Amino acid sequence: SNVRRLDNKRYEIERYGLETVIIIALDDYDIGIESVRSAVNDFDKFDAVLKSNPNGSITSSAVTLADSRELKVFKWGQLLGILNRQWTWKK
């Protein structure tokens, strides 16, 4: 229903009938473990990482670290596909 920019990388997404989520958009070519680790250290609160660069990949180590922090890492299509569903991994 609404998107609000919180700072240089985080966005708050209000959803109809569902809880509000906060994503962090990273423009890294590859999202690796260090990308996720830096995001966790640099930013207070968020629910998912968006790989906003359409090139490159997301490493399995980044996904593993994100899962251990109860976060998810998405590409654009994946994020758009899950926005209308309940995010069950959230605390």
Side-chain angles (χ1 to χ4, degrees):
S1 66
N2 189 35
V3 176
R4 183 171 64 111
R5 188 174 185 161
L6 299 175
D7 51 45
N8 66 332
K9 294 187 188 240
R10 290 183 312 148
Y11 297 85
E12 179 182 73
I13 302 172
E14 294 177 16
R15 305 179 302 157
Y16 292 111
L18 297 168
E19 75 279 358
T20 297
V21 294
I22 297 173
I23 63 158
I24 185 165
L26 299 180
D27 195 36
D28 300 2
Y29 183 81
D30 290 315
I31 299 292
I33 193 168
E34 196 54 44
S35 300
V36 175
R37 188 177 291 134
S38 293
V40 168
N41 289 335
D42 294 345
F43 295 92
D44 267 348
K45 177 187 169 207
F46 59 95
D47 303 303
V49 174
L50 168 65
K51 182 183 181 325
S52 59
N53 185 334
N55 304 306
S57 63
I58 300 169
T59 67
S60 60
S61 60
V63 171
T64 301
L65 176 60
D67 285 344
S68 74
R69 304 289 177 118
E70 296 186 3
L71 302 168
K72 294 295 178 192
V73 182
F74 298 115
K75 293 181 180 179
W76 272 111
Q78 295 167 319
L79 176 66
L80 295 175
I82 200 166
L83 277 178
N84 290 329
R85 289 187 260 158
Q86 182 74 30
W87 290 18
T88 57
W89 67 89
K90 282 185 65 174
K91 294 179 184 179

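All values below were derived from every heavy atom in this structure, side-chain atoms included, with hydrogens, water molecules and symmetry-related copies excluded. From a predicted model like this one, the values you see are computed outputs, not experimental measurements.
- Scanning both residues, Phe74 and Ala48, for their nearest heavy atoms gives CE1-CB, 3.8 Å.
- Remark: the backbone N or O of Ile82 is paired with a side-chain donor or acceptor of Trp87 at under 3.5 angstrom.
- Every residue meeting the side chain to side chain donor-acceptor pair (under 3.5 Å) condition with Ser61, not counting sequence neighbours, appears here in chain and number order: Thr59.
- Here salt bridge (charged side-chain N to carboxylate O under 4.0 Å, His left out) pairs that include residues 20-39, with residues two or more places apart or in two chains, are Glu34-Arg37.
- Listed by first and then second residue, the salt bridge (charged side-chain N to carboxylate O under 4.0 Å, His left out) pairs involving residues 72-86 are Asp67-Lys72 (not counting sequence neighbours).
- With sequence neighbours left out, Asp7 forms a salt bridge (Lys or Arg N to Asp or Glu O under 4.0 Å) with Arg10.
- Residues Lys9 and Phe43 are in side-chain contact: their nearest non-hydrogen atoms beyond the backbone lie under 4.5 Å apart.
- Residues Leu80 and Val21 share a hydrophobic cluster, clusters being chains of Ile/Leu/Val/Met/Phe/Trp/Tyr side chains in contact below 4.5 Å.
- Side chains of Leu65 and Ser68 form a contact here, defined as non-hydrogen atoms less than 4.5 Å apart.
- Checking each of Val73, Val36, Leu26 against Ile58 for a side chain to side chain contact (heavy atoms under 4.5 Å, CB included) leaves exactly one that passes, namely Val73.
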Please assess Leu18 against Gln86 for the test side chain to side chain contact (heavy atoms under 4.5 Å, CB included), listing each intermediate value before the final yes or no. CA-CA 7 Å; Leu18 297 168; Gln86 182 74 30; 3.4 Å; yes

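- Looking at heavy atoms from C-beta onward, Ser52 lies in side-chain contact with Trp76 at the 4.5 angstrom threshold.
- The structure places CG of Asp47 at 11.5 Å from CD1 of Ile24, a figure rounded to the nearest 0.5 Å.
- Side-chain contact between Ile13 and Ile23 is present, with heavy atoms from C-beta onward closer than 4.5 Å.
- Counting heavy atoms from C-beta on, the side chains of Tyr11 and Ile22 never come closer than 4.5 Å.
- A donor-acceptor pair under 3.5 Å is absent between the side-chain atoms of Arg69 and the main chain of Val40, judged by distance alone.
- Contacts of Glu14 classified as salt bridge (Lys or Arg N to Asp or Glu O under 4.0 Å), with partners at least two apart in sequence or in another chain: none.
- Annotation for Asn84: atom CG does not count as buried by contact number, only 12 or fewer foreign heavy atoms lying within 6.0 Å.
- A search for side chain to side chain donor-acceptor pair (under 3.5 Å) contacts involving Glu12 returns Arg4, not counting sequence neighbours.
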